[in-house]
Amino acid sequence: MDALLLVDIQNDFMPTGALPVSDGDAVVPVAHALMPSFELIVATQDWHPADHASFASNHPGTQPGDVVDLDGIDQVLWPDHCVQDSPGASFHSGMDIGPVGHVVRKGTDPRIDSYSAFFDNLHLKETGLVDFLREQGVSRVYLVGLATDYCVKFTALDGVQAGFEVVVVADGVRAVDLSPGDGERAIEEARSAGCTIVVSADVAARRRG
Ligand code: VGL
Ligand code: ZN
């Protein structure tokens, strides 16, 4: 069985949000176009406490874009974003969440970030999504959402590692691109790791065939 996974389609990642992804709202019509083809749709929310370690505001003397060592791994510092229960953490207001059957919230531990929908960045704790998808009989996940070079990429890599077939919908993702080309490099990394890259127009046909 297939599932559609909508990654972090939240107000703060939209062009006017706290951590803007240019053209981020372009993923919404792609999500809408794909929804009718899927029986199971899962959406993730980046869901940080205000004292989250990924916020530059919680590291005096730093600014967004700086990189710090957090428990032995490089952590990019971000503007405050997706603070639990804030409007920025809500799903994009134009997205139809009616068909969404399950929501995964991640990045809730103040001490560690979680780009992936499956694991935190140190692979210490699971979000529960692996078990949920297995219980539902899912073997293949289609990814749409934000951002290509962070949460989509790490969700794709962890999904493959967890044994799922992962399909990234190329026109349904957008990148932060802190360095130009990050988005394209992320897609290449996903492809090298075993993900399939498709365009949304081919998804319905692919699933029929
Ligand atoms: C994300 C940076 C920080 C993402 C989340 O959803 O890609 N990026 N938090
Ligand atoms: Zn975040």
Side-chain angles (χ1 to χ4, degrees), residues 3-14 17-21 24 27 41-59 62 64-86 88-92 100 102-134 138 141-164 166 168 173-176 178 182-183 186 189-190 193 195:
L4 176 63
L5 187 52
L6 306 174
V7 179
D8 297 3
I9 306 184
Q10 294 167 269
N11 291 322
D12 271 344
F13 298 123
M14 296 302 147
L19 201 172
V21 176
V27 307
I41 303 175
V42 177
T44 66
Q45 272 178 311
D46 212 32
W47 196 252
H48 299 309
D51 62 348
H52 197 254
S54 76
F55 296 173
S57 64
N58 292 318
H59 299 265
T62 66
D66 289 353
V67 177
V68 296
D69 180 289
L70 209 60
D71 293 327
I73 49 171
D74 281 353
Q75 172 69 50
V76 179
L77 297 180
W78 303 106
D80 292 16
H81 65 280
C82 298
V83 174
Q84 296 172 3
D85 297 308
S86 70
S90 296
F91 290 116
H92 180 283
V100 173
H102 185 71
V103 174
V104 173
R105 289 175 166 172
K106 62 188 181 59
T108 54
D109 181 335
R111 292 157 306 171
I112 185 162
D113 213 354
S114 183
Y115 291 142
S116 154
F118 296 107
F119 290 94
D120 63 53
N121 289 2
L122 272 171
H123 272 232
L124 294 177
K125 273 196 211 130
E126 301 205 34
T127 60
L129 184 57
V130 172
D131 288 341
F132 174 80
L133 293 176
R134 285 197 185 132
V138 172
V141 290
Y142 285 74
L143 302 189
V144 166
L146 304 168
T148 317
D149 35 358
Y150 292 94
C151 292
V152 172
K153 172 175 124 176
F154 288 99
T155 297
L157 299 179
D158 279 355
V160 169
Q161 217 182 333
F164 296 104
V166 176
V168 180
V173 297
R174 290 295 184 280
V176 177
L178 281 184
D182 279 354
E189 252 185 87
C195 300

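Only a predicted model underlies this, so the values are computations on that prediction, with no experimental measurement involved.
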Steps toward side-chain hydrogen bond (donor to acceptor under 3.5 Å, both in side chains) verdict (His81, Asp46): CA-CA 8 Å; His81 65 280; Asp46 212 32; 3.0 Å; yes
Salt-bridge present (Lys125, Asp109; N to O < 4.0 Å): yes
Side-chain touch [X]/[Y], heavy atoms, less than 4.5 angstrom:
| X | Y | result |
| --- | --- | --- |
| Asn121 | Gln75 | yes |
| Met14 | Ile9 | yes |
| Leu77 | Phe55 | no |
| Tyr115 | Val76 | yes |
| His102 | Phe132 | yes |
| Phe91 | Val103 | yes |
| Leu146 | Val152 | no |

Contacts of type salt bridge (charged side-chain N to carboxylate O under 4.0 Å, His left out), residue Asp182, not counting sequence neighbours: Arg185
Parallel, tilted or perpendicular: rings of Trp78 and Tyr150 (30°, 60°): perpendicular
Sequence neighbours excluded - salt bridge (charged side-chain N to carboxylate O under 4.0 Å, His left out) pairs with any residue from residues 148-163: Lys153-Glu189
Side chain Gln45, main chain Ala89, donor-acceptor under 3.5 Å: yes
Reference residue Lys106; test side chain to side chain donor-acceptor pair (under 3.5 Å); the match among Asp8, Thr127, Thr155: Asp8
is_close_aromatic(His92, Phe13), centroid dist under 6.0 Å: no
Euclidean distance, Asp80 CG relative to Ser86 OG, rounded to 0.5 Å: 9.5 Å
